[in-house]
Number of protein chains: 2
Amino acid sequence: MSGKLALGIDIGGTNVKLALVNEAGEVIASESVPTEPERGAEAFCREVAATAKTMTAQAGIAWAEVIGVGVGMAAFLDVERGWIEESVNLHWRDVPLGEMLTRELGKPVRVDNDANVAALGEVWLGAGRNANTALCVTLGTGVGGGIVINGRIHRGVTNMAGEIGHIMVKNDGELCNCGHHGCLETLASATALSRHAEQAGLVGKEGRELTSKEIFEMAEAGNAKAKAVVDDMIHWLAVGLSIGANILNPDVIVIAGGVVNAGDALIEPLRKAFHQEALARVARACTIVPAKLGSQAGVLGAARLVLQEIETV
Amino acid sequence: MSGKLALGIDIGGTNVKLALVNEAGEVIASESVPTEPERGAEAFCREVAATAKTMTAQAGIAWAEVIGVGVGMAAFLDVERGWIEESVNLHWRDVPLGEMLTRELGKPVRVDNDANVAALGEVWLGAGRNANTALCVTLGTGVGGGIVINGRIHRGVTNMAGEIGHIMVKNDGELCNCGHHGCLETLASATALSRHAEQAGLVGKEGRELTSKEIFEMAEAGNAKAKAVVDDMIHWLAVGLSIGANILNPDVIVIAGGVVNAGDALIEPLRKAFHQEALARVARACTIVPAKLGSQAGVLGAARLVLQEIETV
């Protein structure tokens with residue numbers, strides 16, 4: 001076994017992923033259980049802790065060998081205290097998650113938001129390996145972002161850094177959930193892509209909304225409306241990424257989320273558009289790559305947080 | 001005397017400022033000489049080195065006491081090697097400035113661009129003191145930017161980070177020097193303000209262009225055209241800063257450059273507009289302040305670079 005062991009926990013809206021990870025990034029054991037946030041944070045922590053301990057024991061590892069617990073979840077939070085200010089999708093508010101888990105597990109706990117831990121995971125083991133400065137952007141229901149500088153998450157002063165989904169890119173654009181107009185999220189999320197396809201008159205069987213994958217496939221197959229919708233999305237994404245890159249000067253931009261399944265149909269034209277939009281010296285130094293770790297990025301990044309931040313004797 | 005001593009050099013288009021600075025940020029001796037870039041980098045280094053040594057001797061300090069030399073200048077450069085790739089205003093290209101100065105002065109040399117060292121100066125001793133994350137924006141001929149995270153310059157992978165002047169804020173806006181349209185620089189630099197005033201039919205005595213200061217004064221005095229030009233500039237500056245802040249989540253944004261002389265007439269409406277444009281959680285955590293060090297920021301930041309990066313025995 002390679003050095004220190006950490007437990008990573010990725011709390012999603014539907015499932016909780018757990019993994020025991022060593023310093024080499026190897027997953028020693030893993031588990032997935034339903035989130036069921038309605039049972040409340042106390043019961044959640046108790047039951048997830050039991051799952052973690054059982055999983056560890058079944059892997060033949062003494063719980064004492066685990067140095068700490070890292071948690072990633074979609075939430076506004078106080079990283080220092082491991083305090084969840086608000087998790088919109090779990091309907092949790094003012095939850096001392098770090099404290100609760102420490103009580104249940106007897107280990108130091110680090111909590112951070114999902115975009116940050118996923119970015120950390122990709123820089124540690126995935127598409128952003130060894131990056132000097134990485135900007136990781138997830139195209140999903142919204143557009144999330146995480147920044148990793150010299151291997152460490154850049155959080156800013158209140159853990160809000162990386163909110164590239166809410167930078168204004170289109171003047172007087174559509175209204176965003178955040179209350180502003182023309183945010184990148186209204187133009188380049190998977191949700192936006194589906195919505196724009198629908199507005200262009202493209203619908204799936206029985207009138208349902210098309211997925212990103214279907215829209216990209218239709219564009220590839222020569223559907224002019226689908227192509228226009230895809231081109232528009234790529235244009236605005238390139239504008240947003242160029243803004244982020246001109247500010248951060250990253251060597252890598254990692255694109256994550258289901259849209260990435262479109263592969264080269266997304267990445268190639270995106271690279272081209274990015275080179276047109278960003279400063280030449282910035283674009284030249286920067287590669288745009290699809291994420292590599294998929295749904296494992298969060299749990300690996302959560303474990304990394306602990307391996308990186310917790311000193312052992 | 002308080003601890004280590006460093007020599008800061010700020011190479012401007014017209015003058016070179018030199019200062020001996022101690023760890024407490026006290027200036028022990030200072031000097032200013034004409035830049036005269038046309039004499040070439042070799043002669044420049046030789047003569048500036050002579051000035052530095054004379055200045056130090058006259059202050060009663062042995063040259064051996066100086067631990068190193070920091071240099072700030074407007075240039076694209078390779079920080080690691082102290083290599084000037086290009087300085088547009090000095091017409092220098094591919095100059096091993098760090099090496100040349102080390103040869104003349106017998107000390108380790110650190111070179112960085114003017115926006116970065118000025119930002120470092122403001123965070124060390126000026127308006128951004130003790131910031132977790134500071135974004136420093138200079139409104140001058142262009143719009144320059146520097147980012148300081150935990151007291152260190154964030155340079156990105158090729159020292160291009162902080163180029164907030166070239167983020168696109170206005171779709172299909174005016175053509176910028178960088179070749180793109182709608183850059184913040186075309187909307188919020190001192191130059192842009194003067195140009196827009198002229199386009200609005202505002203001219204000074206004998207038809208000359210108005211300065212930022214004059215335009216702000218006219219707006220204050222009730223001139224509707226001047227007010228419209230100022231309001232427009234503040235709006236776009238707020239948009240640009242909100243984009244930078246949503247990405248970086250800074251606790252402080254420092255505004256530097258001559259425009260800052262407008263004082264509250266700039267800062268107060270800018271804060272208000274910024275709160276409308278940025279994410280609420282980002283805006284709440286961030287204060288916009290005018291720079292404090294004026295033209296001394298560069299030379300102090302250049303000295304800081306050395307005090308921070310060079311270890312002494």
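Below, chain A is the first sequence line, B the second, and so on; all start at residue 1.
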Please indicate whether [X] has more than 12 foreign heavy atoms, meaning atoms of other residues, nucleotides or ligands, lying under 6.0 Å from its [atom1].
X	atom1	answer
E86(A)	CD	yes
N177(B)	CG	no
E268(B)	CD	yes
E80(A)	CD	no

Within residues 150-162 of chain A, which positions have a heavy-atom distance to chain B below 4.5 Å?
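So the qualifying residues are H154(A), R155(A), G156(A), V157(A), T158(A), N159(A), M160(A), A161(A), G162(A).
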
For I247(A), which atoms come within 4.5 Å of any heavy atom of chain B: side chain, backbone, both, or neither?
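The answer is both parts of I247(A).
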
Please classify the contact of I149(A) with chain B as side chain, backbone, both or neither, using a heavy-atom distance under 4.5 Å.
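For I149(A), the contact with chain B is made by the side chain alone.
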
Proximity breakdown for N249(B) and chain A, heavy-atom pairs closer than 4.5 Å
both

Backbone N or O of [Y] within a donor-acceptor pair of the [X] side chain at under 3.5 Å?
X	Y	value
R304(A)	W124(A)	no
E122(A)	A297(A)	no
H235(B)	D231(B)	no

Among the listed options [options], the residue most often paired with chain B at heavy-atom distances under 4.5 Å:
options	answer
A245(A), C178(A), G145(A), A278(A)	A278(A)
N246(A), D172(A), N171(A)	N171(A)
T133(A), L279(A), I164(A), V282(A)	L279(A)

Choice from V239(B), V169(B), I167(B) maximising heavy atom contacts with chain A below 4.5 Å
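The candidate making the most pairs under 4.5 Å is I167(B).
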
Taking every heavy-atom pair that is under 4.5 Å apart, which of K170(B), H181(B), R284(B) has the most such pairs with chain A?
K170(B)

Side chains of H180(A) and E185(A), donor plus acceptor under 3.5 Å:
no

